[in-house]
Amino acid sequence: MFEKRKKRFHVLEEENDGSVIIRVIVDTRTGVHYIMTAGAGGSSITPLLDSSGNAVIDTRPFS
């Protein structure tokens, strides 16, 4: 009756030093990777870039 929706964002990596959390996430629809940070000072998200300055894009399927 209800279709289970696939999650749009998938966490690839996470680091936590106690005050800041850093995650690398991927948009499963576009394949674009993002770096997301969160801490006491707020949070931010930005596309992850390769050494040429291009967005990192993953072409593999995510389940």
Side-chain angles (χ1 to χ4, degrees):
M1 183 166 170
F2 290 102
E3 185 178 322
K4 185 176 180 181
R5 294 182 69 187
K6 183 178 170 184
K7 289 184 179 181
R8 176 143 187 193
F9 295 97
H10 178 76
V11 178
L12 297 177
E13 256 181 82
E14 182 174 312
E15 292 183 23
N16 184 345
D17 73 357
S19 61
V20 176
I21 299 170
I22 301 170
R23 292 184 182 106
V24 176
I25 61 173
V26 64
D27 180 333
T28 59
R29 292 185 196 164
T30 65
V32 176
H33 287 217
Y34 295 91
I35 292 183
M36 186 174 93
T37 61
S43 61
S44 64
I45 187 168
T46 189
L48 180 63
L49 304 178
D50 65 15
S51 60
S52 299
N54 299 310
V56 174
I57 299 175
D58 206 328
T59 57
R60 66 184 166 176
F62 291 92
S63 55

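Along the sequence shown, the residues carry numbers beginning at 1.
- Closest of all the heavy-atom pairs between Val20 and Asp17 is N-OD1, 2.9 Å.
- Ile57 has its side chain out of reach of Thr30: every pair of non-hydrogen atoms, C-beta onward, lies at least 4.5 Å apart.
- In this structure, CD1 in Ile25 is found 11.0 Å from NE2 in His10, a value given to the nearest 0.5 Å.
- With rounding to the nearest 0.5 angstrom, the CD1 atom of Ile21 is 11.5 Å from the CD atom of Glu15.
- Of the residues listed (Leu12, Val11, Val32), the one engaging Val26 in a side chain to side chain contact (heavy atoms under 4.5 Å, CB included) is Leu12, and it is the only one.
- Summarising the geometry, atom CZ belonging to Phe9 is positioned 13.0 Å from atom CZ belonging to Arg23; distances are rounded to the nearest 0.5 Å.
- Side-chain N or O atoms of Thr28 include one that pairs as donor or acceptor with a backbone N or O of Arg8 at under 3.5 Å.
- Inter-residue side-chain proximity for Val24 and Val56 is flagged as unmet; no heavy-atom pair is nearer than 4.5 Å.
- One distance of note links CG of Leu49 with CG of Asn54; it measures 8.0 Å at 0.5 Å rounding.
- With a 4.5 Å cut-off on side-chain heavy atoms, Tyr34 and Thr46 do not count as touching.
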